[in-house]
Amino acid sequence: MKKYNHQEIELKWQKRWEESQVFQAQNGGDKKKWYTLVEFPYPSGAGLHVGHVRSYTALDIVSRKKRMEGYNVLYPIGWDAFGLPTENYAIKNKIHPQVATQQNIATFKRQLKALGLSFDWSREVNTTDPAYYKWTQWIFLQFFKKGLAYQKEMPINWCPQCKIGLANEEVVDGKCERCGTESTHKNMKQWMLAITKYADRLIEDLKTVDYLPKIAQQQINWIGKSEGINITYDIEEADEKIEVYTTRPDTNFGATFVVAAPDSDFVTKNLESFPKKEKVEQYVKDTNKKSELERIAEGRKKTGVFTGWSAINNLNGRLMPVYVGDFVLSGVGTGVVVGVPGHDLRDFEFAQAMDLEIIRVVKDSNGDDSEITKPEQVQESAGTMVNSDFLNGMDIHAATEKIKDYMEEKGFGKRIVNFKLRDWIFSRQHYWGEPIPIVHCEKCGAVPVPEDQLPLELPDVKNYEPTDTGESPLAAMTDWVNTKCPVCGAVARRETDTMPNWAGSSWYFLRYCDPKNNAEFASQENLKYFIPVDLYNGGMEHTTLHLLYSRFWHKFLFDCGHVPTSEPYQRRRSHGMVLASDGKKMSKSLGNVVNPDDIIKEYGADTLRLYEMFMGPFDEAIAWDPNAIRGIKKFLVRVYKLATQVTDEKNQELEKIIHQTIKKVTLDIDAMKFNTAVSQLMICVNALEKAKNVLQETFELFLKVLSLFAPHVTEELWENLGHKESIIKEPWPKWDEELVKDEVVKMAVQVNGKVRANIELSVTASAKEAQAMALTRENVLRNTSGKKMVKVIYVPGKIINIVVK
RNA sequence: GCCCGGGUGGUGGAAUCGGUAUACACAGCAGACUUAAAAUCUGCCGGAGCAAUCCAUGCGAGUUCGAGUCUCGCCCCGGGCACCA
């Protein structure tokens, strides 16, 4: 037998699989479908990361198993290729981003193919392909037609380095997610997508899908639903009203002041009328000067100024001075809060800073209703109402509902549901993205590019740099920008903003169902067959970005009747990062990057795959261990050598172990516990090796199970055993429960909970038999003699515990 | 501060309807083969102790015949959110 030559074997089988097209999914048919999806990569210049290998291999294992179980499996791949890194690379190297993209894709493709992943390459998609983004633009126009894509002049998060507007989700710690520059604000007319219209359903429908709990929870927190009430107060000194939003109207008898955000509508509108106008103006100006980071750096000290006005509390007629304070956020609720310093820590701090009265209206469970003078006394979450007229004695939750009813009845309150989620800023002032297919006409306004003129292709420009005015480089392309209005024919201008890179990835899983269709984004027939995705895997970092956005797009398309389900993904899991051996993130600058090419060359793709599955729990971050991978190679060499031990001799012990292995691996893969599946394969090989002779049938069962993890070497060994058809075509083996069971087990004998001996016993033995055998052991007798036996606990197959006194 | 995870040998980790803690691997040590090394194979491998035995799953209590696993109170680490009213 030849030595295990991984390079030769792997190239041979990769070529065969490609020629035979075994991994292509059928569009429909009698077989049940299974759709496995991995997040398609951004083809960066850095090439494939070993982190990609981890999740793609895991889902490849699931896909291969499903195929062997008889499913028509769709496991596609493509390229999410629009975006800033490529644009920056293009600027730096004076190369067209499309060319750079093509080069990077070629590298990625070669690397992915070298891993033996069972992708259906005939369905490859590329978001920068006009035939693809034609439909991204088309979907945008559907949003526009339904009024869910709209323009708004607003202060947006602005990255002065990238010269680009950022969505809230792209600002991390007040900094641009990409370059780390502190983000500022800028007023710009932006395209927006009304994701907030779907906020409720994006929470509610999580109940209908199987997402990892932490993923669902993170989305719920991000959307941030709160149920409260808007209360309107009259202003004492003027014919004005002020509206506040609160989730705790139960504490309203304890309200002693009102605070409006410096940039709230209330302040903007009434600034001129405030008796203390000058001071307020100065305060608003000072606030504007401060960046968000500065405000946070100030330690959240409460500041504010009195406007000179007071609001009248409808409940008791109390006059509540109206302040302007920057701890109130204009974007939350009405941008105005009512201050209840006894029961909200922020209000308490403000009251102390401004020397305002503090009234207790909730007592705690010990009945403490003393005066509140210290922050630790501020009681926020539970208790019983006091000093609150008709609410007295009620629990705060009951009181909340009662007073909401009361306020609505009296006409000064209105129940409101609020979300933290904001509408999605959809404009980017960049070149390398999908052009937004809109024409601006002086007479007709924003007019969609007619659908039959899609795709609206990105024109070639000389310079990819954003302009200093913040406009996209497309704005400089006068030939392209100047056009005619599709409605009235008058001179008009094209929209020069492009879409964010989240656009193309919001629907790519639909395109895989029918990637060459030029009449629709995908045929209804194919969508009905393949959608929803059965298992979708991706990184936690996409939970509040891509995952939320694509759910939103899918729901919208569902409402329009273009897709068959309201949720795109039935099951969502996530993987942990692969870190460098020093425990840090792999990065070029640290020089700690592991290149899969090197690993494949030295150890082979099968070893790399198996190692990444074995290294630790799939959903946890884990450091690369250059030593451990050698152990995996050793394991595969041993498997390879096992082929020389094949005989026609039966061995019952091995039969038991192989069935235990089939069972464990089957269940572990379903639970995505790949590391323990691999360890079972190792246990199995240890046993097969020790036995010297292995029945061919047993060895073949083992190869089938291993083939998911190490497809190349198992194909080779399978063929060496005389099989003409690929192992991929074999049905997934079933285990025999009778064979899996142990009849005789080693059991521990405990005396007072401490292990004193081991006995071998049939699992069906009675308590009496077990006890009798236990008492034959010297060590058990020594620990029980002279003592009174209180009771004996016997769990068949597990343990016997003798309790003595 | 709030919401998720997690803390087990020298290392990655296994075992959570409570039932022999440390499976499987890596590293290490010893031996075989070899002139030698690599590779391979065999054995050992939580701590203390001659042994019986005792002590060990972040810390402290509790429930139980029995706790890594359950309850309560802490500490630490990672991820997410954060003046959200």
Side-chain angles (χ1 to χ4, degrees), chain A residues 172-173 212-222 224-226 228 244-249 251 259 261 295-296 299-302 325-329 331-340 343-347 349-350 380 418-421 540-541 543-544 574 576-577 581 583 611 614-617 619-632 634-635 637-638 641 673 675-686 689 745-759 779 782-783 790-805:
Chain A
V172 176
D173 291 334
L212 216 58
K214 63 173 171 180
I215 298 174
Q217 196 56 51
Q218 207 170 303
Q219 289 211 340
I220 290 167
N221 292 346
W222 182 261
K225 183 176 179 173
S226 71
V244 302
Y245 172 71
T246 178
T247 56
R248 293 295 304 282
T251 60
V259 192
R295 278 212 232 170
I296 293 166
R300 294 179 174 168
K301 266 195 206 120
K302 300 289 179 288
D326 68 1
F327 80 96
V328 181
L329 306 175
V332 179
T334 59
V336 187
V337 300
V338 55
V340 184
H343 306 285
D344 182 289
L345 200 53
R346 295 155 304 180
D347 294 352
E349 286 165 1
F350 190 78
E380 292 189 301
N418 237 301
F419 296 96
K420 278 203 287 188
L421 186 70
M540 279 308 289
E541 70 275 19
T543 302
T544 54
S574 77
M577 267 196 292
S581 51
Y611 167 62
F614 183 60
M615 65 197 307
D619 58 351
E620 274 169 41
I622 197 136
W624 185 267
D625 183 348
N627 284 319
I629 194 163
R630 290 211 298 262
I632 298 290
K634 219 159 41 175
F635 167 76
V637 170
R638 284 163 61 206
K641 282 185 186 157
K673 286 159 71 174
N675 55 331
T676 50
V678 174
S679 87
Q680 180 62 38
L681 290 167
M682 289 172 168
I683 290 168
C684 186
V685 164
N686 289 346
E689 209 173 44
V745 285
K746 236 184 178 183
M747 263 175 53
V749 181
Q750 296 184 334
V751 178
N752 285 353
K754 294 215 152 110
V755 180
R756 297 297 176 186
N758 277 307
I759 54 173
N779 207 13
R782 191 170 51 232
N783 283 284
V790 181
K791 63 174 160 178
V792 175
I793 288 137
Y794 173 58
V795 185
K798 300 257 177 180
I799 206 157
I800 175 163
N801 188 10
I802 300 166
V803 186
V804 294
K805 236 181 183 171

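Naming: A, B, ... by sequence-line order, numbering from 1 per chain.
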Handout entry: P gap between B:U53 and B:G5, integer Å
Key = 42 Å
Practice task
Can you tell me, in whole Å, how much space there is between the C1' of B:C2 and that of B:U20?
Solution key: 42 Å
Paired with [N]: which nucleotide, if any, by Watson-Crick or G-U wobble criteria at under 3.5 Å for both distances?
{"N": "B:G68", "value": "none"}
{"N": "B:C81", "value": "B:G1"}
{"N": "B:A25", "value": "B:U11"}

Touch class at under 4.0 angstrom, heavy-atom based, for [X] against every strand present:
{"X": "A:D619", "result": "nothing"}
{"X": "A:G631", "result": "sugar-phosphate"}
{"X": "A:V803", "result": "sugar-phosphate"}
{"X": "A:N779", "result": "sugar-phosphate"}
{"X": "A:F419", "result": "nothing"}
{"X": "A:P617", "result": "sugar-phosphate"}
{"X": "A:K673", "result": "sugar-phosphate"}
{"X": "A:I683", "result": "sugar-phosphate"}
{"X": "A:D347", "result": "nothing"}
{"X": "A:M615", "result": "sugar-phosphate"}

Exercise for the section: Report yes if at least one side-chain N or O of A:R346 is closer than 4.0 Å to OP1 or OP2 of B:C84; otherwise report no. Expected result: yes
Exercise for the section: Test the A:K302-A:F350 pair against the cation-pi criterion, namely NZ or CZ under 6.0 angstrom from the six-membered ring centroid and within 45° of the ring axis. Expected result: no
Problem - Check: B:C83 base within 3.5 Å donor-acceptor of A:K302 side chain - result: yes
Exercise for the section: Report yes or no: is there a donor-acceptor pair, N or O only, under 3.5 Å between the side chain of A:N801 and the base of B:C65? Expected result: yes
Whole-Å distance separating the [atom1] atom of [X] from the [atom2] atom of [N]:
{"X": "A:L681", "N": "B:A14", "atom1": "CG", "atom2": "C1'", "result": "15 Å"}
{"X": "A:Q750", "N": "B:C65", "atom1": "CD", "atom2": "C1'", "result": "8 Å"}
{"X": "A:Q219", "N": "B:C4", "atom1": "CD", "atom2": "P", "result": "16 Å"}

Can you figure out which of [options] approaches the side chain of [X] most closely?
{"X": "A:W222", "options": "B:A25, B:C4, B:C81", "answer": "B:C81"}
{"X": "A:K754", "options": "B:U20, B:A27, B:C55", "answer": "B:C55"}
{"X": "A:T676", "options": "B:A85, B:A14, B:A27", "answer": "B:A14"}

